[in-house]
J.: 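Below: one structure in structure tokens.
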2 protein chains.
Amino acid sequence: MSHSDLFQKVVSFASSVHEVSHEMTRGVKNEDVTPVQYKILEYMMFSQPVTPSQIADCVDLSLPNTSRELRKLLEKGLCEKAVDDADRRRQLFRLSGDGQAMLDRIFAQAQQGFERKIAGLSGEELKEIERALALLQKKVFK
Amino acid sequence: MSHSDLFQKVVSFASSVHEVSHEMTRGVKNEDVTPVQYKILEYMMFSQPVTPSQIADCVDLSLPNTSRELRKLLEKGLCEKAVDDADRRRQLFRLSGDGQAMLDRIFAQAQQGFERKIAGLSGEELKEIERALALLQKKVFK
DNA sequence: CCCTTTAGTTGTCATTTGATAACAAAAAGG
DNA sequence: CCTTTTTGTTATCAAATGACAACTAAAGGG
């Protein structure tokens, strides 16, 4: 197994992961958010509160465009904004109740798809999967 | 380890995979193709020749929009078109020499990034990675 | 043949996304 | 204070994408 062959397998694997996650998050299109807006909300879910600059960095968007999308999310009532008292230039964003509820819906649906995939696997198989995830995340996808 | 916890790990893992592949294919932006056009070319690389209908299915694009993007790729000289003699409604697309060369460049760059990541791993570790990829692709991301 | 279905093209329009300039306000550092 | 830097907003504009109607041409089935 040459490095080239392994690389080919990684490419093919990444493509499968993309396909499956696209399939699992198809619930997004039932909601009134664009793909970019969804990415922002998803990022917000894992690290709250966040500033526009942090979002711009992590979601790979310019600051003006981030600001625009955040305004739209505010108008839709999916997130909330507050000034940072320590540095009043900074704006702290977090999910609103509605925003959290929306992500909960989407994730619940994605988890259902996942449950269907792993239904019927033994406890030992699940442990193997967990080990494989940790291994790859550490050595290849970090 | 509940199913929920495992699901969380899968979500986090998928996110890492997305990030790394985005990083690895950043060579795309040096080339004169849009993201959608790149996806079409990448699909063409793995299955040639393909019809517009097949592309529309696999790249998740309407047939009219697929047709438009294929016309642009033809104008850029990145792919070639031929009618299927067996069914003259069908158009068979494949990469041109230039298109193949472009993908070769992008993949060579991505592979360099990969090589840097796995540099210093032992043969046994590489085998473990290979096994982990196969396991996950079979049981979770199929 | 004629009718229906399939494959693809063309054109048009609205929305989303990306890029950039100009601006305002607060902080930081003399 | 005063200048510079950082953070964010607003306003435009161009390009990319998505959706859909109307059309052509070939195949398929009586």
Side-chain angles (χ1 to χ4, degrees), chain A residues 18 22 25-44 47-76 78-94, chain B residues 18 22-23 25-44 47-76 78-94 102:
Chain A
H18 273 84
H22 181 267
T25 60
R26 80 186 188 292
V28 175
K29 70 175 184 334
N30 300 329
E31 311 282 346
D32 180 32
V33 287
T34 69
V36 168
Q37 287 164 10
Y38 172 71
K39 276 174 67 180
I40 292 176
L41 293 175
E42 197 181 67
Y43 173 60
M44 244 181 240
S47 49
Q48 297 187 55
V50 284
T51 67
S53 299
Q54 291 174 306
I55 296 171
D57 277 351
C58 295
V59 182
D60 199 28
L61 215 53
S62 72
L63 193 51
N65 290 336
T66 303
S67 180
R68 174 184 61 200
E69 299 308 322
L70 284 171
R71 180 173 48 73
K72 290 180 184 171
L73 290 172
L74 284 171
E75 285 165 0
K76 294 177 189 184
L78 296 171
C79 65
E80 293 164 352
K81 177 184 181 175
V83 296
D84 181 349
D85 285 327
D87 179 345
R88 306 218 330 271
R89 288 169 305 183
R90 304 176 78 216
Q91 306 293 322
L92 301 178
F93 284 82
R94 65 186 74 234
Chain B
H18 273 84
H22 180 267
E23 167 65 22
T25 60
R26 80 185 188 292
V28 174
K29 72 177 182 331
N30 300 328
E31 311 282 347
D32 180 32
V33 288
T34 70
V36 169
Q37 287 164 11
Y38 172 72
K39 275 173 67 180
I40 293 176
L41 293 176
E42 195 180 66
Y43 174 60
M44 243 182 241
S47 49
Q48 298 189 53
V50 284
T51 67
S53 298
Q54 291 174 306
I55 295 170
D57 277 350
C58 295
V59 182
D60 199 29
L61 214 53
S62 71
L63 194 51
N65 290 337
T66 302
S67 180
R68 174 185 59 200
E69 299 308 321
L70 284 171
R71 180 174 46 73
K72 291 179 184 170
L73 289 172
L74 284 172
E75 286 165 0
K76 294 177 189 185
L78 295 171
C79 66
E80 292 165 352
K81 179 184 182 176
V83 297
D84 180 350
D85 285 328
D87 179 345
R88 304 220 329 270
R89 290 170 305 183
R90 304 175 78 216
Q91 305 294 320
L92 301 177
F93 284 82
R94 64 186 75 234
M102 189 191 108

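Protein chains get the first letters and strands the later ones, always in sequence-line order, with residue 1 at the start of each.
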J.: Using a heavy-atom cut-off of under 4.0 Å over every strand shown, decide if A:P64 touches base, sugar-phosphate, or nothing.
T.: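 Base contact - A:P64 has a heavy atom under 4.0 Å of at least one base atom.
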J.: Starting from C1' on D:dT9, measure out to NZ on A:K81 and report it in whole angstrom.
T.: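 Checked: the NZ to C1' distance equals 8 Å.
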J.: OP1 or OP2 of C:dT6 sitting under 4.0 Å from any side-chain N/O of B:S53?
T.: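 Answer is no, no contact under 4.0 Å.
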J.: Among B:I40, B:L73, B:L74, find the residue that satisfies the side-chain contact (heavy atoms from CB on, under 4.5 Å) test when tested with B:F93.
T.: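 Going through B:I40, B:L73, B:L74 one by one, the side-chain contact (heavy atoms from CB on, under 4.5 Å) with B:F93 is satisfied by B:L74 alone.
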J.: When the distance from CG of B:L73 to P of C:dG8 is rounded to whole Å, what number comes out?
T.: 16 Å
J.: Kindly say whether, by distance alone, the side chain of B:D87 makes a donor-acceptor pair under 3.5 Å with the base of C:dA7?
T.: no
J.: Is the base of C:dG18 touched by the side chain of A:R68 through a donor-acceptor pair closer than 3.5 angstrom?
T.: yes
J.: Mind calculating the distance between CZ (A:R89) and P (D:dT9) to the nearest angstrom?
T.: 13 Å
J.: For the side chain of A:S62, counting heavy atoms from C-beta on, which of D:dG18, C:dT20, D:dT10 is nearest?
T.: C:dT20
J.: Between B:N65 (CG) and C:dT12 (P), how many Å, whole number?
T.: 15 Å
J.: Counting side-chain heavy atoms from CB outward, which of D:dT9, C:dT16, D:dA16 is closest to A:P35?
T.: C:dT16
J.: With a 4.5 Å limit on heavy-atom distance, are the side chains of B:E31 and B:Y38 in contact?
T.: no
J.: Checking all strands, does A:K39 fall into the base, sugar-phosphate, or nothing category for heavy-atom contacts under 4.0 angstrom?
T.: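 Nothing, no heavy atom under 4.0 Å.
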J.: Looking only at the side chain of A:R88 (C-beta and beyond, no hydrogens), which of the listed nucleotides D:dA26, D:dT9, C:dA26 gets closest?
T.: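 For A:R88, the side-chain atoms sit closest to C:dA26.
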J.: To the nearest angstrom, how far is B:K72 atom NZ from C:dG8 atom P?
T.: 19 Å
J.: Atom CG of A:L63 and atom P of D:dA11: how far apart are they, to the nearest Å?
T.: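 About 16 Å, once rounded to whole Å.
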J.: Does this structure show an ion pair linking B:K72 with B:E75, if we count only N-O contacts that are shorter than 4.0 Å?
T.: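 Salt bridge absent between B:K72 and B:E75.
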J.: Please work out if B:T66 contacts a base, only the sugar-phosphate, or nothing of the nucleic acid, heavy-atom cut-off 4.0 Å.
T.: nothing
J.: Output the single nucleotide from D:dT10, D:dT17, C:dT9 whose closest atom is nearest the side chain of A:S67.
T.: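 Of D:dT10, D:dT17, C:dT9, D:dT10 is nearest to the side chain of A:S67.
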J.: Please give, in whole Å, the distance from C:dG8 P to B:L92 CG?
T.: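 Interatomic distance, CG of B:L92 to P of C:dG8: 9 Å.
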J.: If you look at every heavy atom in A:K76 and A:D32, which pair is closest and at what distance?
T.: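 It is NZ-O, 3.0 Å.
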J.: Mapping B:A86 and B:T34 onto DNA chain D by nearest heavy atom, which one lands closer to the 5' end?
T.: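 Comparing both residues, the 5'-ward one is B:T34.
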J.: Starting at CD of A:E31 and ending at P of C:dT16, how long is that distance when rounded to a whole Å?
T.: 15 Å
J.: Testing B:Q37, B:E69, B:K39 one by one against B:V59 for a side-chain contact (heavy atoms from CB on, under 4.5 Å), which residue passes?
T.: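 Per the side-chain contact (heavy atoms from CB on, under 4.5 Å) rule, the option paired with B:V59 is B:K39, out of B:Q37, B:E69, B:K39.
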